[in-house]
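Naming convention: chains lettered A, B, ... in sequence-line order (proteins, then strands); numbering from 1 in each chain. A quick note: this is a predicted structure, and the numbers were derived from the prediction, not measured.
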Amino acid sequence: MSENKKMVEAITPINEDFAQWYTDICLKAELVDYSTVKGCTILRPYGYAIWENIMHLLDMRFKETGHENVAMPMLIPESLLQKEKDHVAGFAPEVAWVTMGGGEELEERMCVRPTSETLFCDHWSHVLHSYRELPMKYNQWCSVMRWEKTTRPFLRTREFWWQEGHTIHETAEEAIAETEQQLNLYADFCENQLNMPVLKGRKTEKEKFSGAEATYTIEAMMHDGKALQSGTSHYFGDGFSRAFDVKFTGRDNTLQYPHQTSWGMSTRLIGAIIMAHGDDEGLLLPPAVAPVQVVIIPVASHKPGVLEKAEELRKELSKFCRVKLDDSDNSPGWKFSQWEMKGVPLRLEIGPKDIANNQCVLVRRDTREKIFVPLTELAAAIPAQLDALGKNLYARAEENRAKRTFSAKNMEEVLQLAAAENGYIKAMWCGDAACEEMMKEKAGISSRCIPFEQEQLSDVCPCCGKKAKHMVVWGKAY
RNA sequence: CGGGGUGUAGCGCAGCUGGUAGCGCGCUGCGUUCGGGACGCAGAGGCCUGGAGUUCGAAUCUCCACACUCCGACCA
């Protein structure tokens, strides 16, 4: 092994410079490449394959809960964006405008969609007539554009890929139930398939979506203790319906406005996966979304029978998992490192000695534990190991979160904790925006959410001393 | 948007007291290897991010622009 090579290929250690480590993983695991288009990244095949798996798993869940996929235009006329005043105030500063078409100035400029509430509402105003047609539960897989000033792969790019669910309902209760159901769906997906514990709660007024009545969120904690909003679900009441004149004839033959929701998850989830599970060896993918769950590495592949056996195993394994045989000319050691970098959960080594013993070596990416498995037992051992690895990822992430979750009763404790280490700081809050602002200014932390699971840490707000209304989880966020 | 850093071969870098470019890895070919990033030999590959200026002459000095990156601010 040459020292130089190691130096060139190595990524920045995770505890030395987390930001640089993150960028290194994105590039060296071949997830993304920077584009000539400023602020935009290219999802490379391996990165897109992760997204495809996420899309597939979520889409199945959406269909199971009665949602239908649709496709809306990519452009939004300015007049449409203007209809809901809070919404336009929130988004107008960061939209891209199209002003020319076919070489001629447009009558009305159009923005590239930053989100599609306005398009869905406009559509519904045309097609909705009766309560019998409700609920309408739509979802769209697409990309959106927001003119961000600072960008980072997956976490914040000008164009990003996502799903946006949009629904309208006859009653507020039904819409609120939908909002909660989708938030729970997201949380379950994160916890059971991405192996990432999340904190469920409501956003404060300051942090909520432009035009929403209430915004719910799931927050995941990254390796460095910062929070990442991993999914949101909004309840709109009938505000948009009124603004866009979406009406239906109710059971009592009166004209009514439907109650609306929207909810979304994006390619940002891939950033969450990287920062929640990755380590000094590189990426570490949850088995549910790993494009390759098992990589087969033949050892001494020039010896007769080795490649043949490896190919035979690949065929066999492909019946129950996503498997890849690396029969390239690289040395086994190189392959080990390469596939660890790419986060493949399980490695299967097969060489002449194994073949003689009718066994192989399985190596787990998370523990690097090597186990000898008889070839006849692979069909049971692989799913079991993938499952155990997923559970371990969850346990490790949860341990990190527990270690970095603190409670503060007064401002001194808040300041001390915020200065010491990244993490969640639980503290009471009076509900005033001024105190939320003060937390940002004095302690450099923002409200992540008002958790559904409340605790009574004290009776007063640590900022102003007035009676506390909620417990808020504060922290630094991506 | 403010502050710092960086733009030279596919990648990472050196060259920066001015005289038209080197190293490591990677890549191509052949051979030997193969249980933690293998080795030998032979090759290919850039004219130095873009623009302006100084100069007989600029990768090198000056100015401007652009891009990426890190830290803040902003952020649906």
Side-chain angles (χ1 to χ4, degrees), chain A residues 1-12 17-24 26-28 30 33-41 81 84 86-95 111 113-118 144-153 155-158 160 162 164 203 206-212 215 217 229 232 234 262 264 266 268 281-282 297-303 306-307 310 326-341 347-357 359-363 368 370 372 440-441 444 446 476-478:
Chain A
M1 182 194 85
S2 117
E3 273 304 314
N4 277 331
K5 180 166 182 176
K6 184 108 186 173
M7 294 301 287
V8 169
E9 298 282 340
I11 55 171
T12 307
D17 183 346
F18 191 69
Q20 193 58 53
W21 169 87
Y22 176 80
T23 306
D24 285 354
C26 287
L27 296 174
K28 293 191 175 166
E30 300 177 329
D33 191 22
Y34 292 105
S35 163
T36 305
V37 185
K38 185 174 156 60
C40 295
T41 50
L81 192 71
E84 212 286 337
D86 289 340
H87 188 66
V88 68
F91 280 104
E94 57 174 14
V95 295
C111 75
R113 62 181 166 211
T115 179
S116 306
E117 275 76 6
T118 55
V144 290
M145 180 160 275
R146 300 174 188 184
W147 215 252
E148 302 288 353
K149 290 170 188 166
T150 313
T151 59
R152 301 188 68 188
L155 303 178
R156 181 166 283 106
T157 49
R158 287 187 175 170
F160 60 91
W162 76 347
E164 44 179 329
K203 284 290 190 187
K206 182 175 183 288
E207 302 278 332
K208 87 177 186 195
F209 184 84
S210 305
T215 289
T217 178
Q229 179 173 316
T232 51
H234 314 291
S262 80
S266 71
R268 178 183 260 199
E281 261 60 60
I297 298 181
V299 176
S301 57
H302 63 291
K303 298 249 172 86
V306 173
L307 267 182
D326 185 349
D327 57 1
S328 68
D329 288 336
N330 296 307
S331 70
W334 188 91
K335 292 176 187 176
F336 297 164
S337 302
Q338 180 65 13
W339 292 106
E340 278 171 4
M341 172 66 73
R347 173 171 88 229
L348 189 158
E349 300 172 21
I350 180 93
K353 289 180 231 164
D354 298 313
I355 294 170
N357 294 321
Q359 65 175 26
C360 68
V361 181
L362 275 188
V363 185
R368 284 191 159 186
K370 289 194 177 195
F372 292 89
K440 179 74 194 170
E441 276 171 28
S446 58
K476 294 195 178 91
Y478 278 99

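Distance check on atom C1': B:U8 versus B:C48 gives 4 Å, rounded to whole Å.
For A:W334, whose side chain is taken as the heavy atoms from C-beta onward, the closest listed nucleotide among B:G37, B:C75, B:G35 is B:G37. In this structure, of B:C74, B:G35, B:C34, it is B:C74 that holds the atom nearest to the side chain of A:K440. Listed nucleotides B:G36, B:G35, B:C68 differ in distance to A:E349; the shortest reach to its side chain belongs to B:G35. Picking from B:C1, B:U69, B:G35 the nucleotide with the shortest atom distance to the side chain of A:K149 gives B:C1. Distance from the side chain of A:S337 is smallest to B:G36 among B:G36, B:G35, B:A73. Out of B:G35, B:G36, B:C70, the shortest distance to the side chain of A:R152 is found at B:C70. Comparing atom distances between the A:A19 side chain and each of B:C71, B:C34, B:C75 picks out B:C71 as nearest.
Here B:C75 presents its C1' atom at 9 Å from NZ of A:K206, a figure rounded to the nearest Å. Between the P atom of B:A73 and the CZ atom of A:R156 lies a distance of 12 Å, rounded to the nearest Å. We find that CZ of A:F372 is positioned 14 Å from P of B:G35, with the value rounded to whole Å. One atom, CZ of A:R158, and another, C1' of B:C75, lie 13 Å apart when rounded to the nearest Å. When the P atom of B:G35 is taken as reference, atom CG of A:L348 falls 16 Å away, rounded to whole Å.
Using the six-membered ring where Trp is involved, A:F160 and A:W162 have ring planes that are perpendicular, over 60° apart on the 30 and 60° scheme.
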Walk me through it: do A:L348 and A:V361 pass the test side chain to side chain contact (heavy atoms under 4.5 Å, CB included)?
CA-CA 6 Å; A:L348 189 158; A:V361 181; over 6 Å; no
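If you check every strand for non-hydrogen atoms under 4.0 Å, A:G90 touches sugar and phosphate atoms only. The residue A:G264 sits apart from the nucleic acid: no heavy atom pair falls under 4.0 Å. Residue-level contact check: A:K38 touches the backbone only, with heavy atoms under 4.0 Å from sugar-phosphate atoms and none from bases. Note on A:P114: nothing from the nucleic acid sits closer than 4.0 angstrom, heavy atoms only.
You'll find the side chain of A:E94 stays beyond 4.5 Å of the side chain of A:M145, heavy atoms only.
Residues A:F336 and A:T151 each lie close to RNA chain B; by heavy-atom proximity, the contact nearer the 5' end of the strand is made by A:F336.
Annotation: salt bridge (charged side-chain N to carboxylate O under 4.0 Å, His left out) contacts of A:K203 (sequence neighbours excluded): A:E219.
In the interface, the side chain of A:N330 is not paired with the base of B:G37 through any donor and acceptor atom under 3.5 Å apart. Applying the 3.5 Å distance criterion, the base of B:C70 shares no donor-acceptor pair with the side chain of A:T23.
Remark: ring of A:H302 not stacked against base of B:U33; the cut-offs of centroid gap under 5.5 Å and plane tilt under 30° are not jointly satisfied.
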